[in-house]
Participant: 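For reference, the structure I am asking about is given below.
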Amino acid sequence: LWYYIGDNFGSNAVANLLYLTRINRSVESGFLYVLGSSYKNVLEVWELYFRRRYTQESEGRGTPQKGALKVKNKRNLPITHLGISPNGRSVAYVVNDIGRFSVWMQDVRGNERTRLLRHGTRNAFQATDFNYPLIAWNPNGREVAIVYERRDVIKLHRVNLDTKKAEVNDITSPFQRIHSLDYSSPTSLVFSATVRGFSDIYQYFIPTTQSERITNDIYDDLDAAFVRLGNQRGIIFASNRPDSIMAPVRLDSVLPIGQFDLFFYDLDRRSNELVRITHTPHANEFSPVAVDSARFAYISNRSGIANREVGFLEEYIHHYDQIIQLKDGAEVILHADS
């Protein structure tokens, strides 16, 4: 009974327990020998424990009370991806009708919307792919990029909001699938993509259709997002790598299955060392997004519930070095503990 109560009732456990009590009065006055207490006492202690637990977790958290965007969706179709314009006045989102999707752009203030793209066919017999399409706003605010698949070919659909014209290009091999999309400049994209079964981070240059591979290892790299933190331009992404050094790792028969943390890659330094942002061995962080020039946000499930959190990078002293400069210009660097 304790196992059934504790693990299978979820957030409505108290209501369900009271329901069980009403339909089984004979148990209420019984004695649970395995716990050494009566059924009524066990129920009261159990309820008190979880009330205290959820009360502590809810402290310092809040739910937005206003600002909900009204979207015309009479059939309650799934809204899969969403992107906010750089000036915060427009929102682009995807509505998927079992395979036939539409990309809409809606004004936040007037709720006027425009359809940017409709593609696909309704298919009730095949599982719907909700990963596509992906959307991203150009930093200039006048262009929306849409990535989707057509006959196993990845398409890059860019819509100019001034002229209402669209330009479609193929994102050819070696990419098998693109998982996330973001602009790093008006003419380049950053995304996480799968190549030969491994997901890594890439930078894609639109005018030349060339790409640059940033990570290249056996670990999973997902949810790439471009951020500008102070004077640093970089990419924040989620990865299940154990450390922050990008070095070749020998492939084993067992793939890495660790929890996902957030890492920062500096696009200006181009170093093989990443900055670890989070380190939670028993939780996952994912879906990072830039907030402003100093902060970024992400989703974490370390409390057992997925919540949006905000973070920032700060400088700290890692260690001191003693530098000895010789007459011929050579330098000898000694660690402070040497």
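Because the structure is a prediction, the values reported are computed rather than measured.
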Participant: Check the side chains of Asn140 and Asn138 for a donor-acceptor pair under 3.5 angstrom, ignoring hydrogens and angles.
Facilitator: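 There is such a pair (donor and acceptor under 3.5 Å, judged by atom type) between the side chains of Asn138 and Asn140.
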Participant: Not counting sequence neighbours, list each pair that qualifies as a ring pair (Phe, Tyr, Trp, His ring centres under 6.0 Å) and has a residue in residues 163-190.
Facilitator: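 Applying ring pair (Phe, Tyr, Trp, His ring centres under 6.0 Å) to every pair that reaches into residues 163-190, excluding sequence neighbours, yields Phe175-Phe191, Phe175-Tyr202.
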Participant: Look up atom CD1 in Ile206 and atom OG1 in Thr187, then write down how far apart they are to the nearest 0.5 Å.
Facilitator: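 So the CD1 of Ile206 and the OG1 of Thr187 are separated by 6.5 Å.
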Participant: State, with a plain yes or no, whether a side-chain heavy atom of Asp268 is found less than 4.5 Å away from one of Gln232.
Facilitator: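 Contact flag for Asp268/Gln232 side chains = no.
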Participant: Decide side chain to side chain contact (heavy atoms under 4.5 Å, CB included) for Phe205 and Glu212; before the verdict, give the C-alpha distance in whole Å, the side-chain angles of both, and the deciding distance to 0.1 Å.
Facilitator: CA-CA 8 Å; Phe205 303 98; Glu212 177 187 1; 4.0 Å; yes
Participant: Quick check: is Phe237 connected to Leu262 through a chain of hydrophobic side chains (ILVMFWY, heavy atoms under 4.5 Å apart)?
Facilitator: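 Looking at the clustering, Phe237 is in a separate group from Leu262.
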Participant: Counting C-beta onward and ignoring hydrogens, is there a side-chain heavy-atom pair between Trp104 and Val71 closer than 4.5 Å?
Facilitator: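 With C-beta onward as the side chain, the pair stays apart.
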Participant: Of all heavy-atom pairs between Asn307 and Ile305, which one has the smallest distance, and what is that distance?
Facilitator: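 Answer, listing the atom of Asn307 first, then Ile305: ND2-O, 3.0 Å.
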Participant: Please tell me whether Asp223 and Ser180 have a donor and an acceptor in their side chains that are separated by less than 3.5 angstrom.
Facilitator: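 Distance-only check fails for Asp223 and Ser180.
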Participant: Evaluate Leu222 against Phe286 for side chain to side chain contact (heavy atoms under 4.5 Å, CB included), listing each step before the verdict.
Facilitator: CA-CA 8 Å; Leu222 304 172; Phe286 49 93; over 6 Å; no
Participant: Are Leu161 and Ile146 grouped together when hydrophobic residues (ILVMFWY) are joined by side-chain heavy atoms under 4.5 angstrom apart?
Facilitator: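 Yes; Ile146 is reachable from Leu161 via cluster members.
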Participant: State whether a side-chain donor-acceptor pair under 3.5 Å links Glu143 with Asn160.
Facilitator: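 Checked: Glu143/Asn160 side chains show no N/O donor-acceptor pair below 3.5 Å.
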Participant: Does this structure show an ion pair linking Asp97 with Arg118, if we count only N-O contacts that are shorter than 4.0 Å?
Facilitator: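 Answer for the salt bridge query: no.
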Participant: Could you tell me whether a side-chain N or O of Thr280 sits under 3.5 Å from a main-chain N or O of His282, the two making a donor and an acceptor?
Facilitator: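 No; judged by distance alone, with no hydrogens or angles, the pair does not exist.
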Participant: Inspect the contact between Arg52 and Glu47 and indicate whether a charged nitrogen and a carboxylate oxygen are less than 4.0 angstrom apart.
Facilitator: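 Between Arg52 and Glu47 there is no salt bridge, as every charged N stays at least 4.0 Å from the carboxylate O atoms.
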Participant: Rounded to the nearest 0.5 Å, how far does OG of Ser38 lie from CD of Glu44?
Facilitator: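 The OG atom of Ser38 is 7.5 Å from CD of Glu44, to the nearest 0.5 Å.
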Participant: Under 4.5 Å between side-chain heavy atoms, counting indirect links through other Ile/Leu/Val/Met/Phe/Trp/Tyr residues: same cluster for Leu117 and Leu134 or not?
Facilitator: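 Different hydrophobic clusters.
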Participant: Does some side-chain heavy atom of Leu181 sit less than 4.5 Å from a side-chain heavy atom of Leu189?
Facilitator: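 Result yes, sub-4.5 Å side-chain heavy-atom pair found.
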Participant: Would you call Glu285-Arg302 a salt bridge at under 4.0 Å N-O?
Facilitator: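 Looking at Arg302 together with Glu285, the answer is no, because their closest N to O distance does not fall below 4.0 Å.
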Participant: Evaluate the side-chain proximity of Asp200 to Tyr219: yes if any heavy-atom separation is below 4.5 Å, no if none is.
Facilitator: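 With C-beta onward as the side chain, the pair stays apart.
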Participant: Does a side-chain heavy-atom distance below 4.5 Å link Pro288 with Phe296?
Facilitator: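 No. Closest side-chain heavy atoms not under 4.5 Å.
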Participant: Does anything in residues 118-140 pair up under ring pair (Phe, Tyr, Trp, His ring centres under 6.0 Å), and if so which pairs, sequence neighbours excluded?
Facilitator: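 The answer is Phe101-His119, His119-Tyr148.
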Participant: Can you measure from CZ (Arg109) to CG (Leu69) and round to the nearest 0.5 angstrom?
Facilitator: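 So the gap between those two atoms works out to 13.0 Å.
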Participant: What do you reckon, is CG of Asp328 surrounded by more than 12 foreign heavy atoms closer than 6.0 Å?
Facilitator: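 Yes.
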Participant: Mind running side chain to side chain contact (heavy atoms under 4.5 Å, CB included) on Asp266 and Val275 for me, showing each step along the way?
Facilitator: CA-CA 8 Å; Asp266 196 325; Val275 176; over 6 Å; no
Participant: Could you tell me whether the side chain of Thr194 and the main chain of Gly197 form a donor-acceptor pair under 3.5 Å?
Facilitator: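 Not confirmed, Thr194 side chain does not pair with Gly197 backbone.
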Participant: Of all the heavy-atom pairs spanning Ile218 and Pro256, show the shortest one and how long it is.
Facilitator: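 Between these two residues, the closest heavy atoms are O-CG, 3.8 Å.
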Participant: Within a radius of less than 6.0 Å around CD1 of Ile84, do more than 12 heavy atoms belonging to other residues, nucleotides or ligands occur?
Facilitator: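 No - once you tally the heavy atoms of other residues, nucleotides and ligands closer than 6.0 Å, there are 12 at most.
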Participant: Going by heavy atoms in the side chains, are Glu331 and Leu326 under 4.5 Å from each other?
Facilitator: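 Side chain of Glu331 against side chain of Leu326, heavy atoms only: no contact under 4.5 Å found.
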Participant: Decide yes or no on salt bridge (charged side-chain N to carboxylate O under 4.0 Å, His left out) for Asp170 and Lys155, but give the supporting numbers first.
Facilitator: CA-CA 5 Å; Asp170 294 343; Lys155 301 287 186 177; 2.7 Å; yes
Participant: Between Arg89 and Asp107 (salt bridge meaning N to carboxylate O under 4.0 Å), is one present in this structure?
Facilitator: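 Between Asp107 and Arg89 there is no salt bridge, as every charged N stays at least 4.0 Å from the carboxylate O atoms.
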Participant: Asn240 side chain to Phe260 main-chain N or O, any donor-acceptor pair under 3.5 Å?
Facilitator: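 It does not hold such a pair.
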Participant: Under a plain distance cut-off of 3.5 Å, with no hydrogens placed, do Asn96 and Thr80 share a side-chain donor-acceptor pair?
Facilitator: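 Side-chain D/A pair, Thr80 to Asn96: absent.
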Participant: Going only through I, L, V, M, F, W and Y residues with side-chain contacts under 4.5 Å, is there a path from Leu274 to Ile277?
Facilitator: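 No, separate clusters.
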Participant: Do Ser192 and Asp221 pass the side-chain hydrogen bond (donor to acceptor under 3.5 Å, both in side chains) test, and can you show the C-alpha distance, the side-chain angles, and the key distance before you say yes or no?
Facilitator: CA-CA 7 Å; Ser192 59; Asp221 301 326; over 6 Å; no
Participant: Hey, could you give me the CG/CD1 distance between Leu77 and Ile98, rounded to the nearest 0.5 Å?
Facilitator: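 So the gap between those two atoms works out to 9.0 Å.
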Participant: Has Arg158 got a side-chain atom pairing as donor or acceptor with Glu167's backbone, closer than 3.5 angstrom?
Facilitator: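 Answer holds: no.
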Participant: Quick one: closest heavy-atom pair of Arg308 and Ser287, and the distance?
Facilitator: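 Answer, listing the atom of Arg308 first, then Ser287: NH1-O, 3.2 Å.
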Participant: Could you tell me whether Arg295 and Asp292 make a salt bridge, using a distance below 4.0 angstrom between a side-chain N and a carboxylate O?
Facilitator: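 Result for this pair is yes, salt bridge flagged.
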Participant: For Gly83 versus Ile135, what's the shortest heavy-atom pair and its separation?
Facilitator: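 Here Gly83 and Ile135 meet closest at N-CD1, 3.6 Å.
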Participant: With rounding to the nearest 0.5 angstrom, report the CD to CE distance, Glu112 to Met105.
Facilitator: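 Reported value, rounded in 0.5 Å steps: 10.0 Å.
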Participant: Using salt bridge (charged side-chain N to carboxylate O under 4.0 Å, His left out), reason through Asp220 and Arg241 one step at a time and then give a plain yes or no.
Facilitator: CA-CA 7 Å; Asp220 297 325; Arg241 60 183 66 244; over 6 Å; no
Participant: Would you compute the distance between atom OG of Ser244 and atom CZ of Phe263 and round it to the nearest 0.5 angstrom?
Facilitator: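 Going from the OG atom of Ser244 to the CZ atom of Phe263 covers 7.0 Å.
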Participant: Give a yes-or-no answer on whether the side chains of Tyr265 and Arg233 include a donor-acceptor pair shorter than 3.5 Å.
Facilitator: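 Judged by distance alone, the side chains do not pair up.
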Participant: For Thr278, is there any backbone N or O sitting under 3.5 Å from a side-chain donor or acceptor partner on Arg276?
Facilitator: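 Such a contact is found between Arg276 side chain and Thr278 backbone.
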Participant: Do Ser184 and Gln203 come within less than 4.5 Å of each other through their side chains, counting heavy atoms only?
Facilitator: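 With C-beta onward as the side chain, the pair touches.
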Participant: Could you check if a side-chain atom of Ile235 sits within less than 4.5 angstrom of a side-chain atom of Ile201, using non-hydrogen atoms only?
Facilitator: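 Of all side-chain heavy-atom pairs linking Ile201 with Ile235, at least one is under 4.5 Å.
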Participant: Do you know the tightest heavy-atom contact between Asn131 and Arg177?
Facilitator: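 Minimum heavy-atom contact is CB-NH2, 3.5 Å.
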Participant: Stepwise, does the side chain to side chain contact (heavy atoms under 4.5 Å, CB included) test hold for Val332 with Ile323?
Facilitator: CA-CA 6 Å; Val332 178; Ile323 302 177; over 6 Å; no
Participant: Can you get from Leu313 to Ile236 by hopping between Ile, Leu, Val, Met, Phe, Trp and Tyr side chains that sit under 4.5 Å apart?
Facilitator: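 Same hydrophobic cluster.
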